[in-house]
Every structure is written in structure tokens, then in C-alpha cells.
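Notes to accompany the following structure.
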Amino acid sequence: MNEIYLQALIGGALLGLGAILLMLTLGKIAGISGITHSAITSLSKENYWRWAFLIGLIAAPLLSAPFGFTLPEDVPVSYTTLAIAGLLVGVGTRIGSGCTSGHGICGIGRLSKRSIVATCTFMLTAVITVTVVRHLL
Amino acid sequence: MRNCIFALIAGLLFGLGLTISTMVDPARVLAFLDVFGDWDPTLAFVMGGGLAVYLPLFYLFIKPNKTTLFGEPCSLPQTKTIDAKLIVGAALFGIGWGLSGICPGPALANITGGLPAILLFVATMLLGMIMAPRVSTLK
């Protein structure tokens, strides 16, 4: 097997393990957009676990860097496009109740029809967007 | 305290997974979404690997009693209806993801890299999350 495919598979299994650990120990869905939104909305005691999860998520690359798994050094997208994209991702994940993690992994992982529909929808519009930007504009 | 420790470990595993799988690299995400161009299928393996772990463990340990390993009730979404909100929200998210190659997990995992592009994305993403209830008129 191509080495990069294996790396992606192992990485995917690790993030799946993190997500199911949150369900097994706290009974919570590991939806990054939902956790982030709740965390920034209130600093109450019920949110401590969300901040702990986010600290782990943000700090993780510091642990993997010595082993050669590093963060990208550039983003091939203009600042204007990134600002608009960030807004769309923020608004869309709230209105649609989830993102790649909450719908794509945890939702499909419990065979939720809503999450399957949501994942197909955002995959479709993402592919259409890339196709339009790269090949039609 | 126990909850915070497990949440921290879960977050670390999740972030390590995103980094090791190269899901944190917007260029690779865009190449994965470029189905009609020079398609790079690598990131399909991330979802495959994630589901291969999540799905069987969920069905084995959570589905039967809907409780955690400590016997406490799980918070599982109760909504079952597929409505306009779900579709429109997911569609908007997909457009943003397709424009940038960045979704919420990788956006946050990239923060310590300190790239202005990432920090800008995270800032507008948080703004979008806060603004969402005002933007949305869908019921």
C-alpha cells in the first residue's frame, strides 16, 4: 500500500479513537464546531471539559512535531477568500448542527440519517466549489 | 476533574490524528476535493480509518444501554428530522470548506503554527458561529 494512504488511515483511526473515547467516558459527541461554539459562548463549569478537549486538540501538533508530523507552512488561498470561507464555515456548521467531525465521523459512526444527509451535502457543495474555482472560473 | 482529563486525552488523540493524517494541510484537502482535476484520494482513508474505529465501538459499547463506561447517560442528539436548516447549513459549510480547504478541527489544530492565514480563518469562523443565529431565519 502507498505509504501516504497508510499514514492517512492510521491518522484517521487515531482521531476516531479520540472521538469514541469522548463518547465512552463523557457520553459526548466529538463535534469540533459544536464544542468550539459552546466553549466560546460561556465559561461556565459545564464547559470545562470542552476547553480541555480544545486545549488537547490545539496542543497535539506540538507533540507530533518531533516525530516529523508537522503543520503546513503555507495556505494556498488568498486572505479575502479565507475570511469569507471562515464566515461560511462558522455560520454553516451552526445552522447545520455540525461539521466533518460531528456529522462525518460521530454521526455516520452511529448511522444517523441526518448526519449521512449532511455529510453528503457538504461533500457535494465542497466538490462543486473546488471544481468551479479551479476549472470553470 | 475526571471528565477534563479524558476530554484532554480525547482532544490530543483527535489533534494527533488530524496532524498525522495530513488533514491539517489545506493544499491536500483541496486536492482531495478536486475530484474532476488531479484527484488525490488520500483523505478518504482518514474518514475510513475514523469510522473503522468509531462505528464498531459505538455499536458494541454505547448503543445497547446509551451509557458511558462509568454508567452515566450519554448525550445523543434526539432530532431525527431532515429539514431545510440541516441542508442549507451543510451546503454553506461545504462551500466554505471548498474555498479554503479548512474545516473547524484542522483550523484549530493549525493555531500553534501561527500562520496569519489560519488565524484569520479561525477569527472569521468564530465570528460566523456567533453570528449564525442572527443570520439564520430558517426554522
Atom group of [X] that falls short of 4.5 Å from chain B, counting heavy atoms:
{"X": "A/His135", "answer": "side chain"}
{"X": "A/Val117", "answer": "side chain"}
{"X": "A/Val89", "answer": "both"}
{"X": "A/Leu17", "answer": "both"}
{"X": "A/Ser97", "answer": "neither"}
{"X": "A/Cys106", "answer": "both"}
{"X": "A/Thr70", "answer": "backbone"}
{"X": "A/Arg134", "answer": "side chain"}
{"X": "A/Val91", "answer": "both"}
{"X": "A/Ile35", "answer": "neither"}

Against chain A, label [X] side chain, backbone, both or neither, depending on which of its atoms sit under 4.5 Å from a heavy atom there.
{"X": "B/Leu18", "result": "both"}
{"X": "B/Lys80", "result": "backbone"}
{"X": "B/Ile95", "result": "both"}
{"X": "B/Ile5", "result": "neither"}
{"X": "B/Tyr59", "result": "side chain"}
{"X": "B/Leu43", "result": "neither"}
{"X": "B/Ile87", "result": "both"}

Chain B contacts, top residue of [options] (heavy-atom pairs, under 4.5 Å):
{"options": "A/Leu14, A/Leu57, A/Val132", "answer": "A/Leu57"}
{"options": "A/Ser78, A/Ser64, A/Ala65, A/Ala59", "answer": "A/Ser64"}
{"options": "A/His37, A/Arg94, A/Met23", "answer": "A/Met23"}
{"options": "A/Ile105, A/Val77, A/Leu62, A/Leu22", "answer": "A/Ile105"}
{"options": "A/Thr36, A/Leu54, A/Ile10", "answer": "A/Thr36"}
{"options": "A/Ser115, A/Cys120, A/Gly90, A/Gly16", "answer": "A/Gly90"}

Going hydrophobic residue to hydrophobic residue with side-chain gaps under 4.5 angstrom, can you get from [X] over to [Y]?
{"X": "A/Leu6", "Y": "B/Leu16", "result": "no"}
{"X": "B/Val24", "Y": "A/Ile4", "result": "no"}
{"X": "B/Met23", "Y": "B/Leu99", "result": "no"}
{"X": "A/Phe67", "Y": "B/Ile20", "result": "yes"}

Greatest number of heavy atom pairs closer than 4.5 Å to chain A - which of [options]:
{"options": "B/Met1, B/Met47, B/Met131", "result": "B/Met47"}
{"options": "B/Ala123, B/Pro116, B/Ala109", "result": "B/Ala109"}
{"options": "B/Cys103, B/Ala132, B/Ala91, B/Pro26", "result": "B/Ala91"}
{"options": "B/Ala90, B/Gly15, B/Cys74, B/Gly48", "result": "B/Ala90"}
{"options": "B/Gly96, B/Ala7, B/Gly98", "result": "B/Ala7"}
{"options": "B/Thr67, B/Ile118, B/Thr68", "result": "B/Thr68"}

CZ/B/Arg2: more than 12 non-hydrogen atoms of other groups inside 6.0 Å: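 More than 12 within 6.0 Å, yes.
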Neighbour count above 12 (heavy atom, 6.0 Å) for A/Lys113 NZ: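 No - once you tally the heavy atoms of other residues, nucleotides and ligands closer than 6.0 Å, there are 12 at most.
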Under a 4.5 Å cut-off applied to non-hydrogen side-chain atoms, are [X] and [Y] in contact?
{"X": "A/Arg50", "Y": "B/Cys4", "result": "no"}
{"X": "B/Phe36", "Y": "A/Val127", "result": "yes"}
{"X": "B/Leu127", "Y": "A/Leu87", "result": "yes"}
{"X": "B/Leu86", "Y": "A/Thr121", "result": "no"}
{"X": "B/Leu51", "Y": "A/Ile108", "result": "yes"}
{"X": "A/Ile29", "Y": "B/Ser75", "result": "no"}
{"X": "B/Phe61", "Y": "A/Leu24", "result": "yes"}

Parallel, tilted or perpendicular, as decided by the 30° and 60° cut-offs, for the rings of A/Phe122 and B/Trp97: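 Judged by the thresholds at 30° and 60°, the geometry between B/Trp97 and A/Phe122 is perpendicular.
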For [X] against [Y], the heavy-atom pair lying closest together:
{"X": "A/Ala60", "Y": "B/Leu12", "answer": "CB-O, 3.5 Å"}
{"X": "A/Leu21", "Y": "B/Phe6", "answer": "CD2-O, 4.0 Å"}
{"X": "B/Leu120", "Y": "A/Tyr79", "answer": "CD2-O, 3.3 Å"}
{"X": "A/Arg110", "Y": "B/Leu76", "answer": "CD-CD2, 4.3 Å"}
{"X": "A/Ile32", "Y": "B/Pro104", "answer": "CG2-C, 4.0 Å"}
{"X": "A/Pro61", "Y": "B/Thr112", "answer": "CB-OG1, 4.3 Å"}

Worked check of side chain to side chain contact (heavy atoms under 4.5 Å, CB included) between A/Val130 and B/Leu30: CA-CA 7 Å; A/Val130 171; B/Leu30 290 172; 4.0 Å; yes
Worked check of side chain to side chain contact (heavy atoms under 4.5 Å, CB included) between B/Leu13 and A/Leu15: CA-CA 6 Å; B/Leu13 286 169; A/Leu15 73 85; over 6 Å; no
Test side chain to side chain contact (heavy atoms under 4.5 Å, CB included) applied to B/Phe14 and A/Phe53, step by step: CA-CA 9 Å; B/Phe14 204 96; A/Phe53 181 89; 4.1 Å; yes
Derivation of the side chain to side chain contact (heavy atoms under 4.5 Å, CB included) call for A/Leu82 and B/Ile102: CA-CA 9 Å; A/Leu82 283 171; B/Ile102 310 172; 3.9 Å; yes
B/Met129 side, atom CE; A/Thr93 side, atom OG1 - distance, nearest 0.5 Å: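 Rounded to the nearest 0.5 Å, the CE-OG1 separation comes out at 4.0 Å.
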CG on A/Leu71 to CG on B/Asn110, rounded to 0.5 Å: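 B/Asn110 atom CG to A/Leu71 atom CG measures 5.0 Å (nearest 0.5 Å).
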A/Arg114 (side chain) donor-acceptor with B/Thr81 (main chain) under 3.5 angstrom: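 Yes.
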Whether B/Glu72 side chain and A/Leu26 backbone form a donor-acceptor pair below 3.5 Å: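 No, B/Glu72 side chain to A/Leu26 backbone: no donor-acceptor pair under 3.5 Å.
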